[in-house]
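Position 1 is the first residue of the sequence; numbering continues from there. Here the structure is a predicted model, which means the values were calculated and not measured.
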Amino acid sequence: MLKDEVNKAFEVLKNGGLILYPTDTIWGIGCDATNPEAVEKVYKLKGRAEEKSLIVLLDSDNKLQSYIKDVPEVAYDLIEYAENPLTIVYSGAKNLAPNAIAKDGSIGIRIVKHEFCQQLLQRFRKPVISTSANLSGNPSPATFDDIDEAILQGVDYVVNWEQEDRKEKKPSTIMKLEPGGLFSFIRK
C-alpha cells in the first residue's frame, strides 16, 4: 500500500538514510536535503564529484521562499503552466545542506505532482534530494529494471511502488532563472 511505503521511506529519511524511489520523472536516489551527512552518502554512492550540484523536490511552490532568498515572481507561472516536469535553478539557496548547493549558491528545485513524492514530502515536511539512480557517468535508468545493482545495494530502502511500470520516463526540463526574471534552458 502507498501509505506503508511512504511511512517506510519517511523513517529512513528521518534517520539520515538513502532511499531509491519513483518520481514524476525517472527513479531517484533521495535523502534529507537539509542533512549534510546524508547528502555526502549520495555523492559517495553515485561516485559523483561534489561540484555537481543536486536537485531538491518540494510538494508545493508556497515552500520555495523557505529555501530561496528571493523567488522571482515569474517562477510561480512557470511552475503552474509547465506541461512536463520542470526543475528550476534558483540563485540564493538557503536552509539546505551546504553540500547540496552549487558553488555559485544556486539550487535546482522541482515541485512534484507525483502521488508517492507528494505524500512523502508532506509527511517529511522537508525537501528531499532527487538525483538520477545511476552511477556517475552512466546513463540514467529509463525504468526500474535499468537500475544498477550497486545502486540497489547502496541505498537503505528501495521503495516498493511503481517498480513494474515499464513506461520509459525522461529526466525533467531544467532552466536557470535569474533574480530579475531572465531565464535560460540547461536541459530541454
Quiz item: Do H114 and Q119 get their side chains close enough for a donor-acceptor pair, meaning under 3.5 Å?
Solution: no

Quiz item: Which heavy atom in P141 sits nearest to a heavy atom in N134, and how many Å separate them?
Solution: CD-CB, 4.0 Å

Quiz item: Under a 4.5 Å side-chain heavy-atom rule over Ile, Leu, Val, Met, Phe, Trp and Tyr, are L54 and I29 clustered together?
Solution: yes

Quiz item: Roughly how far, to the nearest 0.5 Å, is CD of E83 from OG1 of T173?
Solution: 10.5 Å

Self-check item: Pairwise side-chain contact, S53 with S106, heavy-atom cut-off 4.5 Å (strictly under)
Solution: no

Quiz item: What heavy-atom pair brings K69 and A93 nearest, and what distance separates the two atoms?
Solution: NZ-O, 3.9 Å

Quiz item: Just wondering, are more than 12 heavy atoms of other shown residues or ligands nearer than 6.0 Å to NZ in K94?
Solution: yes

Quiz item: For residues T23 and S130, is any side-chain donor paired with an opposing acceptor at under 3.5 Å?
Solution: no

Exercise. Check the pair T131 / V42 against side-chain contact (heavy atoms from CB on, under 4.5 Å), numbers first and verdict last.
Key: CA-CA 8 Å; T131 181; V42 172; 3.5 Å; yes

Quiz item: Hey, are K46 and S132 close enough side-chain-wise for a donor-acceptor pair under 3.5 Å?
Solution: yes

Quiz item: Looking at K44 and E40, does any basic side-chain N land under 4.0 Å from a carboxylate oxygen?
Solution: yes

Quiz item: Applying the 4.5 Å side-chain criterion to the ILVMFWY set and letting contacts propagate, would Y21 and V158 be lumped into a single cluster?
Solution: no

Quiz item: So, for G154 and L45, which heavy atoms are closest and what is the spacing to 0.1 Å?
Solution: CA-CD1, 3.6 Å

Practice problem: Would you name the heavy atoms of S172 and R110 that are closest together and state the gap between them? | Solution: OG-NH1, 3.6 Å

Self-check item: K52 atom NZ, neighbour heavy-atom count above 12 within 6.0 Å
Solution: no

Exercise. Could you state whether V159 and V6 fall into the same hydrophobic cluster, counting links through intermediate Ile, Leu, Val, Met, Phe, Trp or Tyr residues with side-chain heavy atoms under 4.5 angstrom apart?
Key: yes

Quiz prompt | Electrostatic pair E11-K8, nearest N-O below 4.0 angstrom | solution = no

Self-check item: For D156 against L18, the heavy-atom pair lying closest together
Solution: OD2-N, 2.7 Å

Quiz item: How are the rings of F124 and F10 set relative to one another: parallel (under 30°), tilted (30 to 60°) or perpendicular (over 60°)?
Solution: perpendicular

Quiz item: Should the pair K169-E162 be classified as a salt bridge under the 4.0 Å nitrogen-to-oxygen rule?
Solution: yes

Quiz item: Do side-chain atoms of Q118 reach the backbone of V112 as a donor and acceptor pair under 3.5 angstrom?
Solution: yes

Quiz item: What's the spacing between I147 CD1 and L135 CG if we round to 0.5 Å?
Solution: 11.0 Å

Quiz item: Hey, does Y76 have a side-chain heavy atom less than 4.5 Å from the side chain of V71?
Solution: yes

Exercise. Determine, step by step, whether L120 and I19 satisfy the side-chain contact (heavy atoms from CB on, under 4.5 Å) criterion, reporting the C-alpha distance in whole Å, the side-chain angles of both residues, the deciding distance to 0.1 Å, and the verdict.
Key: CA-CA 11 Å; L120 178 61; I19 60 170; 3.7 Å; yes

Quiz item: Got a second to check how far D24's CG is from E115's CD, nearest 0.5 Å?
Solution: 13.0 Å

Quiz prompt | Donor-acceptor contact below 3.5 Å, side chain N15 vs main chain G17 | solution = no

Quiz item: With a 6.0 Å cut-off on ring centres, are F116 and W161 close enough?
Solution: no

Quiz item: Hey, are the side chains of L20 and L152 touching, using non-hydrogen atoms and a 4.5 Å cut-off?
Solution: yes

Exercise. Over all heavy atoms of both residues, which pair between L177 and A75 is shortest? Give the atoms and the distance, please.
Key: CD2-CB, 3.6 Å

Quiz item: Atom CG of L13 and atom OH of Y157: how far apart are they, to the nearest 0.5 Å?
Solution: 11.5 Å

Quiz prompt | D59/K63 ion pair, N-O < 4.0 Å | solution = yes

Self-check item: Within-4.5 Å side-chain heavy-atom neighbours: I107 and V89
Solution: no

Quiz item: How long is the gap from OG1 on T25 to CG on L86, to the nearest 0.5 Å?
Solution: 11.5 Å

Quiz item: With a 4.5 Å heavy-atom cut-off, do S91 and K176 have their side chains touching?
Solution: yes

Quiz prompt | Stepwise side-chain contact (heavy atoms from CB on, under 4.5 Å) check, V56 with V128 | solution = CA-CA 6 Å; V56 165; V128 171; over 6 Å; no

Quiz item: So does Q65 have more than 12 non-hydrogen atoms from other groups sitting under 6.0 Å from CD?
Solution: no

Quiz item: Under a 4.5 Å side-chain heavy-atom rule over Ile, Leu, Val, Met, Phe, Trp and Tyr, are L121 and Y90 clustered together?
Solution: no

Self-check item: Rounded distance [0.5 Å steps], NZ in K3 versus CZ in R123
Solution: 8.0 Å

Practice problem: Decide whether I129 and W27 are clustered together by the hydrophobic rule: side chain heavy atoms of Ile, Leu, Val, Met, Phe, Trp, Tyr closer than 4.5 Å, transitively. | Solution: yes

Exercise. State whether a side-chain donor-acceptor pair under 3.5 Å links T87 with R187.
Key: no

Quiz item: With a 4.0 Å cut-off, would you call D32 and K126 a salt bridge?
Solution: yes

